[in-house]
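Here is the structure we will look at, set down as structure tokens.
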Amino acid sequence: MDWTDDSEDDDNISWESDEEAKPENSGPPPATNLPTVEQEDHTGPSRVSPADPSRSKLISHFVGMGFVEDMVTKVIDENGERDVNTLLETLLTYKVIGTSTSSPRPSNNKKKGPDDDFSDISSVDFSDADYVENEIEEEDISEEDRKLLTLVEMGFSTDEAASAVGRCGQNASILELADSIHAAQLAEGVEGPEEEFPWTCWSEDESTTSFIFGASTDKKRIRRWSDIDRRKRMKMYSQGSRNEDDEDLPSLSLPNPMIGFGLPNGRPLLTHRKLPEAAMGPPYFYYENVALAPRGVWDTISRFLYDIEPEFVDSKFFCAAARKRGYIHNLPIHNRFPLLPLPPRTIFEAFPMTKKWWPSWDTRTHLNCLQTCTASAKLTERIRSALADSDDPPSHNTRQFVINECRKWNLVWVGLHKVAPLEPDEIEMLLGFPRNHTRGGGSSRTERYKSLGNSFQVDTVAYHLSVLKDMFPNGITMLSLFSGIGGAEVALHRLGIHLKAVVSVEISEVNRNIVRSWWEQTNQTGTLIDIADVQQLNGDKLEQLIHTFGGFDLVVGGSPCNNLAGSNRVSRDGLEGKHSALFYDYFRILDLVKNIMGKES
DNA sequence: CACAGTATGACAGGCACG
DNA sequence: CGTGCCTGTCATACTGTG
């Protein structure tokens with residue numbers, strides 16, 4: 001499966017285009033810049049030339065993040081100070097290059113040449129003489145030492161790094177070593193030495209680079225994810241430099257591209273995080289809502305949900321339709337795997353019949369977010385007549401009109417000059433549900449659109465939940481809040497995870513019927529209990545349920561987005577809105593479950 | 001009454017530009 | 001760094017129809 005065929009998209013992966021547009025980025029060599037213990041003697045602003053205030057501020061900022069000053073200086077020299085985002089990307093790229101030389105791939109750790117090491121970072125020019133020179137220098141460091149250095153850079157102690165190499169052998173990859181240390185920490189029940197979230201890496205695929213946040217060897221300099229500093233970094237990461245006055249505003253920024261902690265087939269998938277003590281299970285939990293909520297909403301949600309950083313993912317990387325969502329969960333994030341078969345990932349793959357009628361000037365390869373409303377017949381007729389009356393190809397204005405409406409309403413081409421909204425069963429397919437999942441059972445067409453528009457994208461959610469399969473070979477007991485049409489249930493079922501018991505809370509009777517009907521049709525052998533209102537789920541009721549089922553393994557829920565979604569022109573009131581305030585019920589119930597289960601164990 | 005159709009912007013992020 | 005422009009967004013309220 002090729003996860004890179006988006007490259008012709010207009011929403012190119014930003015670092016690709018950035019790097020390609022800047023061949024001069026081939027600058028500083030990676031190897032000598034591998035952070036080492038010497039790094040601890042680097043200082044802040046004092047060593048920075050005061051000649052240029054903005055420059056020295058920039059340098060000390062990056063140095064404070066754990067980059068070596070020489071490397072920072074060099075990167076600024078080459079890129080200028082204008083685009084902080086580019087600077088950070090470049091610095092991180094060099095860091096990753098350095099890391100990758102010391103971490104052979106798990107499947108291929110034979111002798112390797114430079115090409116092997118860097119083939120996945122094609123956008124950087126390695127013909128640079130500096131690079132060759134430093135590759136030679138790097139040969140002087142033993143393989144084991146390089147791994148130790150990398151682990152230390154990731155925030156582990158030298159003792160832990162050495163023990164991990166001892167346990168896993170010298171041929172183990174960095175990822176395996178990091179996992180081993182993490183597992184050892186969990187087994188011992190001790191707080192990790194480097195606070196939570198020592199580093200995070202988003203990696204994509206063979207043609208892209210990876211990002212690492214906050215790597216540093218200095219314990220005191222490690223930034224807690226929950227600190228305000230992370231906002232600064234996220235802000236820089238996603239938007240470049242901003243007004244300093246904004247820094248106190250509690251506002252998380254969205255990553256671009258929106259790929260969460262990594263995608264299927266991402267290579268190498270260097271993901272590892274340490275959660276705050278209070279966030280850890282049991283039970284595991286998984287919370288979802290729209291990514292583009294009003295300012296401050298995700299900060300609040302994150303603060304309530306034990307300060308876990310949201311994972312923002314756009315489902316366009318999983319299927320043919322976009323769906324930008326934030327997920328907060330305490331699940332492990334390594335060894336994820338996608339649902340099979342992989343769903344169609346472009347419009348043409350999903351709807352081959354449309355290709356015949358698709359005009360060349362409609363360059364869409366993905367649909368936008370599937371919503372609860374669809375275009376009217378009147379609009380599609382306006383489009384048809386506009387095209388029928390115009391030349392071939394149509395004028396710029398006509399094309400623009402048609403394209404805008406097609407994007408806005410997710411229209412597809414079904415005939416000459418003829419566009420149409422998706423049918424409910426087509427949306428079911430895009431979202432990963434079985435065909436006719438919402439059909440029948442007293443569900444009207446409008447209700448189907450509404451239920452589907454409010455649902456999970458199953459493949460995306462399943463990818464995150466896939467880590468549960470090995471952990472619960474005998475199946476799981478789940479509390480599903482705001483179940484809707486059962487996206488989480490379908491995801492777990494498709495993953496082959498047995499559902500021992502599901503307590504489903506859903507206000508809509510139509511949706512409850514859909515889930516019940518699906519449950520019966522898939523011959524589930526477990527128990528399904530449905531409850532209409534989250535308000536009914538008080539401490540007594542939960543205690544009773546937990547007693548009956550021996551606790552919950554997983555608490556899933558996507559609370560209502562009505563007052564958060566951008567489409568809402570009337571009552572986009574944020575988390576305090578009538579519907580979206582139900583988030584607090586999610587938190588209340590999750591916290592109750594944690595407390596009750598904590599007592600019983 | 002149920003259902004379908006329709007009109008109804010605000011707002012934030014990304015980008016190019018000066 | 002500010003500005004303008006473009007783009008995208010799990011929706012609500014009202015009206016018409018049978």
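Computation of the quantities below employed the complete heavy-atom set of this structure, encompassing side-chain atoms and omitting hydrogens, waters and symmetry-equivalent molecules. Please read these numbers as outputs of a predicted model, since none were measured by experiment. Per chain, numbering begins at 1; letters A, B, ... match sequence-line order.
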Proximal nucleotide (of B:dA4, C:dT7, C:dT12) relative to the A:Thr446 side chain
B:dA4
At under 4.0 Å, does any side-chain N or O of A:Asn289 touch on OP1 or OP2 of C:dC10?
no
Counting only side-chain nitrogens and oxygens, does A:Asn256 get under 4.0 Å of the OP1 or OP2 atom of B:dG13?
no
Quick check on B:dA4: is either OP1 or OP2 less than 4.0 Å from any side-chain nitrogen or oxygen of A:Ser444?
yes
Base, sugar-phosphate alone, or nothing: which one does A:Arg445 contact when heavy atoms must sit under 4.0 Å apart?
sugar-phosphate
More than 12 non-hydrogen atoms from neighbouring residues, nucleotides or ligands closer than 6.0 Å to CD on A:Glu509, yes or no?
no
Name the residue from A:Asp391, A:Thr398, A:Asn397 that meets the side chain to side chain donor-acceptor pair (under 3.5 Å) definition with A:Ser395.
A:Thr398
For the side chain of A:Arg569 and the base of B:dA10, is some donor closer than 3.5 Å to an acceptor across the two?
no
Would you mind classifying the nucleic acid contact of A:Lys450 as base, sugar-phosphate or nothing, using non-hydrogen atoms under 4.0 angstrom?
nothing
Presence of salt bridge, A:Lys408 and A:Glu405, under 4.0 angstrom:
yes
Does C:dT9 have its OP1 or OP2 closer than 4.0 Å to a side-chain nitrogen or oxygen of A:Lys324?
yes
Decide yes or no, distance alone: a donor-acceptor N/O pair under 3.5 angstrom between the base of C:dC10 and the side-chain of A:Glu288.
yes
Counting only side-chain nitrogens and oxygens, does A:Ser376 get under 4.0 Å of the OP1 or OP2 atom of B:dT6?
yes
Does A:Ser451 reach a base, just sugar-phosphate, or nothing at all? Heavy atoms under 4.0 Å.
nothing
Of all the nucleotides listed (C:dT12, C:dT7, B:dT6), which has the minimum atom distance to the side chain of A:His579?
C:dT12
What is the pairing partner of C:dT9, taking Watson-Crick or G-U wobble pairs with both distances under 3.5 Å in any strand?
B:dA10
Which of these passes side-chain contact (heavy atoms from CB on, under 4.5 Å) with A:Met429: A:Cys319, A:Pro343, A:Pro424, A:Pro344?
A:Pro344
Hey, can you tell me if A:Tyr327 and A:His464 have their rings parallel, tilted or perpendicular (30° and 60° cut-offs)?
perpendicular
Between C:dA11, C:dG8, C:dT7, which one does the side chain of A:Ala565 approach most closely?
C:dA11
Nucleotide nearest A:Cys369 (side chain, heavy atoms from C-beta), chosen from B:dT6, C:dT12, C:dT9:
C:dT9
Hey, does the side chain of A:Arg572 come within less than 4.0 Å of B:dG9's phosphate (OP1/OP2), counting only N and O?
no
May I ask you to evaluate whether A:Gln371 reaches the phosphate of C:dT9, defined as a side-chain N or O under 4.0 Å from OP1 or OP2?
no
Base-pairing mate for C:dC1 - Watson-Crick or G-U, with both contacts under 3.5 Å:
B:dG18
